[in-house]
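Single-structure report; data block below.
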Amino acid sequence: NWLVATAMANGPLVLEKLVVPMLLAELGELSQLRATDEGADGQQQQLLCAIIGLGPLARSALRPLLDMLEGSYGDSKLVAMAVRSVGGIDGLEALCSIARGEGTA
């Protein structure tokens, strides 16, 4: 039974539709706590690493990650790595645009 439950919980649809939105919601909450909570940076790093680990399954996180990067919120290197990981070529192109000072659309 646990094997079936684990397989279902780790399925692409569950990751895309449930896990990624939960991670993004948590990142949003941390952005509000950051000024008052010293542990928020560590939590943010853990969430970003989780998103990086999901790779293309976390594609829906691309826009919020780009907003974080352009808003200078969080560890810029880790956020950029997450953008590259989830966004594929689109993420790479967005990073290049930001580096050239053009921003993203």
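Values below: all heavy atoms of this structure, side chains included; hydrogens, waters and symmetry mates excluded.
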Less than 3.5 Å apart, which donor and acceptor atoms pair up between the side chains of residues 83-98 and the rest of the protein, not counting sequence neighbours?
residue, atom, partner, partner atom, Å
Arg84, NH1, Gly88, O, 3.2
Ser85, OG, Ile52, O, 2.9
Asp90, OD2, Arg59, NH2, 2.4
Ser97, OG, Glu93, O, 3.2
Ser97, OG, Arg100, NH2, 3.4

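- To the nearest 0.5 Å, atom OH of residue Tyr73 and atom CG of residue Leu65 are 11.0 Å apart.
- Between the CG atom of Leu30 and the CD atom of Gln46 there is a distance of 9.5 Å, given to the nearest 0.5 Å.
- Side chains of Gln44 and Met68 form a contact here, defined as non-hydrogen atoms less than 4.5 Å apart.
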Let me check something: any side-chain donor-acceptor pairs from residues 8-28 under 3.5 Å, sequence neighbours excluded? List them with distances.
residue, atom, partner, partner atom, Å
Asn10, ND2, Thr6, O, 3.2

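- Applying the salt bridge (Lys or Arg N to Asp or Glu O under 4.0 Å) rule to Asp75 yields no partners; only residues at least two apart in sequence or on another chain are considered.
- The SG atom of Cys49 lies 8.0 Å from the CE atom of Met81; values are rounded to the nearest 0.5 Å.
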